[in-house]
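Nothing fancy with the numbering, it's 1 onward along the sequence. Every value quoted in this text rests on a predicted model; they were computed, and no experiment measured them.
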Amino acid sequence: MTSYACPLCQHSFDSWMQLNCDWRRPDNADRYELNWCPSCELGQLCPRPDAEKIASFYAIDDYYTHASTNEAGSADSPSFFERLKTNLAWRVDKSVELDAAWIRSKLGDSTKKVCDLGCGNGDLLMKLREAGHDVTGVEPDPSARHVACSKGLSVMPGTAESLPIELAGRRFDFVFMSHVLEHCRDPKAALKNARSILKPGGRLVVETPNNNAMGLRMAGPTWYWLDVPRHLNFFTPKSLKASFDTAGFQTEETEFRGYTRQFSQEWIRSEQTIWDRINKRTPNALPVSRQSQLKSWYLLAQSAMSSAERKYDSIRMIASVK
């Protein structure tokens with residue numbers, strides 16, 4: 001077995017998880033190995049796929065950025081007990097949403113120049129533009145970029161690691177990377193590029209899945225936010241902050257979001273679909289049982305009063321240049 005070293009601390013990775021297929025492309029024969037650094041809590045897919053291979057991971061019709069909105073609803077009405085569970089989760093949910101109120105609070109009323117690296121279908125850019133800000137997007141996926149441009153947004157082809165030439169010399173007040181850093185082949189290069197296009201005093205906002213969440217511990221390879229192989233990096237608050245430090249940022253705020261949605265019909269059915277497709281490929285090999293309403297109730301009981309780092313499915317950090 002090949003040994004890999006953590007890019008943050010050079011500590012030897014431990015073997016973490018083996019996946020026998022990509023649940024979104026179950027007929028693909030590739031297998032995936034995830035490794036974990038016990039020192040700085042960074043996980044990575046190893047070996048690292050090349051750029052052409054990474055692009056192929058998104059060649060699927062139902063990927064969420066290929067539609068005009070990221071929101072989806074369940075076709076069936078939830079039962080009384082499903083509604084009760086969701087309501088109980090909502091009552092203890094202190095998520096900090098990246099909504100219009102958040103944008104107004106962090107960016108203020110004056111117009112800011114904002115760049116969203118990995119803007120997907122442009123949902124966040126639309127919120128920022130509606131708040132009166134001057135927005136620019138960068139997105140590598142042609143399908144997602146087409147959707148964003150159809151909304152009248154300025155979106156250029158490129159990645160956080162390979163910025164479009166049109167950004168040369170431009171500087172922004174805010175750079176956003178919302179659920180992007182986990183997709184980057186070289187997250188260190190991505191963060192350094194983000195730093196290079198920030199004005200003095202500018203802010204970087206990064207949100208990623210929280211791989212310290214109880215939901216991952218219970219769902220294992222079938223956790224909805226794992227999404228291997230599109231996700232190449234797996235962060236906790238500790239490793240995300242360490243990544244910021246390495247790239248020359250000073251972390252100013254840490255926020256968490258994503259609790260009630262973990263108990264929704266859509267989330268549960270998605271994890272059931274993931275389990276079914278992986279199990280079909282290699283029967284009885286999964287280390288966890290199939291997701292169910294009973295397991296969802298158990299997660300609620302275990303997580304409702306736990307720390308934010310264990311409760312929420314996503315981390316958001318705001319940083320400035322050191």
In Å, rounded to the nearest 0.5 Å, how long is the span from CG of Asp276 to CG of Leu286? 9.5 Å

For Glu52, look at atom CD and say whether over 12 heavy atoms of other residues, nucleotides or ligands are found less than 6.0 Å away. no

Derivation and outcome, side chain to side chain donor-acceptor pair (under 3.5 Å), residues Asn212 and Arg217: CA-CA 8 Å; Asn212 216 10; Arg217 300 296 180 269; 3.0 Å; yes

Ser320 and Arg195 side chains, donor-acceptor separation under 3.5 Å: no

May I ask you to decide whether Asp99 forms a salt bridge with Lys127, counting only side-chain N to carboxylate O separations under 4.0 Å? no

Same cluster or not: are Phe176 and Leu181 linked, directly or through other Ile, Leu, Val, Met, Phe, Trp or Tyr residues, by side-chain heavy atoms under 4.5 angstrom apart? no

Solution key, residues 242-250 side-chain donor-acceptor pairs under 3.5 Å, sequence neighbours excluded:
residue : atom : partner : partner atom : Å
Ser243  : OG   : Ser239  : O            : 2.9
Asp245  : OD2  : Lys241  : NZ           : 3.2
Thr246  : OG1  : Ala242  : O            : 2.9

Quick one: does Thr222's side chain have a donor or acceptor within less than 3.5 Å of a partner on Ala219's backbone? yes

Report the C-alpha separation of Trp16 and Asn35 in whole Å, then their side-chain angles, then the decisive distance to 0.1 Å, and conclude whether the side chain to side chain donor-acceptor pair (under 3.5 Å) test is met. CA-CA 5 Å; Trp16 175 29; Asn35 292 278; over 6 Å; no

Can you see whether Tyr259 has Lys311 sitting over its ring - NZ or CZ less than 6.0 Å from the centre and within 45° of the normal? yes

Just checking, is any N or O donor in the side chain of Arg170 or Thr136 under 3.5 Å from an acceptor N or O on the other one? yes

Could you tell me whether Lys53 and Asp30 have a side-chain N and a carboxylate O separated by less than 4.0 Å? yes

Keeping Ser292 on the side-chain end and Lys295 on the backbone end, is there a donor-acceptor pair under 3.5 Å? yes

Side-chain heavy atoms of Arg185 within contact of Ile54, under 4.5 Å: yes

Hydrophobic cluster identity match, Leu128 and Phe172, side-chain contacts under 4.5 Å: no

Would you say NZ of Lys188 has more than 12 non-hydrogen atoms from neighbouring residues, nucleotides or ligands within 6.0 angstrom? no

Is there a donor in the side chain of Arg91 and an acceptor in the side chain of Asn87, or the other way round, less than 3.5 Å apart? yes

Met156 with Met126, same ILVMFWY side-chain cluster at under 4.5 Å: no

Is a side-chain N or O of His231 found less than 3.5 angstrom from the main chain of Leu226, in a donor-acceptor match? yes

Between Phe234 and Trp36, is the gap from one ring center to the other below 6.0 Å? no

Is a side-chain donor or acceptor of Ser303 paired with a backbone partner of Leu299 at a separation under 3.5 angstrom? yes

Do Arg230 and Asp22 meet the salt-bridge criterion of a basic N to acidic O distance under 4.0 Å? yes

Walk me through whether Trp267 and Glu271 qualify under side chain to side chain donor-acceptor pair (under 3.5 Å). CA-CA 6 Å; Trp267 188 283; Glu271 292 191 341; 3.0 Å; yes

Examine distances only and state if a side-chain atom of Asp116 and a backbone atom of Gly137 form a donor-acceptor pair shorter than 3.5 Å. no

Set out, in order, the CA-CA distance, both residues' side-chain angles and the distance that settles side chain to side chain contact (heavy atoms under 4.5 Å, CB included) for Asp93 and Tyr312, then state yes or no. CA-CA 9 Å; Asp93 190 349; Tyr312 296 96; 3.3 Å; yes

Just verifying a value: how many Å separate Thr236 OG1 and Glu41 CD, rounded to the nearest 0.5 Å? 4.0 Å

Set of residues satisfying side chain to side chain donor-acceptor pair (under 3.5 Å) with respect to Glu166, sequence neighbours excluded: none

Does Trp225 form a side chain to side chain contact (heavy atoms under 4.5 Å, CB included) with Asn211? I'd like the steps, not just the answer. CA-CA 9 Å; Trp225 274 140; Asn211 290 275; over 6 Å; no

Is any side-chain heavy atom of Cys184 less than 4.5 Å from a side-chain heavy atom of Thr159? no

Shared ILVMFWY cluster between Leu42 and Val206, side chains joined below 4.5 angstrom? yes

Does the side chain of Thr251 reach to within under 4.5 Å of the side chain of Leu240, using non-hydrogen atoms? no

Verify the distance criterion only: is there a donor paired with an acceptor across the side chains of Thr111 and Asp134 at less than 3.5 Å? no

Could you tell me if the side chain of Arg31 sits less than 4.5 Å from the side chain of Leu19, heavy atoms only? no

Tell me, with the steps shown, if Lys94 and Glu255 meet salt bridge (charged side-chain N to carboxylate O under 4.0 Å, His left out). CA-CA 10 Å; Lys94 306 298 182 184; Glu255 300 171 337; over 6 Å; no

Determine whether a donor-acceptor pair (N or O, by modelled atom type, separation under 3.5 Å) exists between the side chain of Ser296 and the backbone of Gln293. no

Decide yes or no on side chain to side chain contact (heavy atoms under 4.5 Å, CB included) for Val135 and Ser154, but give the supporting numbers first. CA-CA 7 Å; Val135 301; Ser154 173; over 6 Å; no

Scan side-chain atoms only and decide if Asn121 and Arg145 contain a donor-acceptor pair under the 3.5 Å cut-off. no

Without swapping roles, check the side chain of Ser95 against the backbone of Glu97 for a donor-acceptor pair under 3.5 Å. no

Is it true that a side-chain atom of Lys112 and a backbone atom of Leu107 form a donor plus acceptor pair closer than 3.5 Å? yes

Do Val205 and Val175 touch side chain to side chain, with heavy atoms closer than 4.5 Å? no

Please give the remaining members of the hydrophobic cluster of Tyr4, linking ILVMFWY side chains under 4.5 Å, ordered by chain and number. Phe13

Mark yes or no for whether Glu139, through its side chain, and Gly120, through its backbone, hold a donor-acceptor pair below 3.5 Å. yes

Regarding Arg48 and Asn233, do their side chains bring together a donor and an acceptor under 3.5 Å, going by distance alone? yes

Look up atom CD in Gln262 and atom NZ in Lys85, then write down how far apart they are to the nearest 0.5 Å. 11.0 Å

Would you kindly confirm whether Leu45 and Tyr224 end up in one hydrophobic cluster when ILVMFWY residues are joined by side chain heavy atoms under 4.5 Å apart? yes

pair Val138-Cys119: side-chain heavy atoms closer than 4.5 Å: no

Got a salt bridge between Lys199 and Asp173, using NZ or NE/NH1/NH2 to carboxylate O under 4.0 Å? yes

List the steps and the verdict of side chain to side chain contact (heavy atoms under 4.5 Å, CB included) for Lys151 and Val147. CA-CA 7 Å; Lys151 300 174 182 178; Val147 174; 4.1 Å; yes

Relative to the ring of Tyr58, is the ring of His183 parallel (under 30°), tilted (30 to 60°) or perpendicular (over 60°)? tilted

State, with a plain yes or no, whether a side-chain heavy atom of Phe256 is found less than 4.5 Å away from one of Ile315. yes

4.5 Å side-chain heavy-atom contact, Asn193 and Ile197: no

Does the structure place the NZ or CZ of Arg316 under 6.0 Å from the centre of the six-membered ring of Trp102, at an angle of no more than 45° from the ring's axis? yes

For the side chain of Arg203 and the backbone of Gly201, is there at least one donor-acceptor N/O pair under 3.5 Å apart? yes

Look at Lys238 together with Glu309 and state whether they make a salt bridge at an N to O cut-off of under 4.0 Å. no

For a quick check under 3.5 Å, do Ser314 and Asn210 share a side-chain donor-acceptor pair by atom type? no

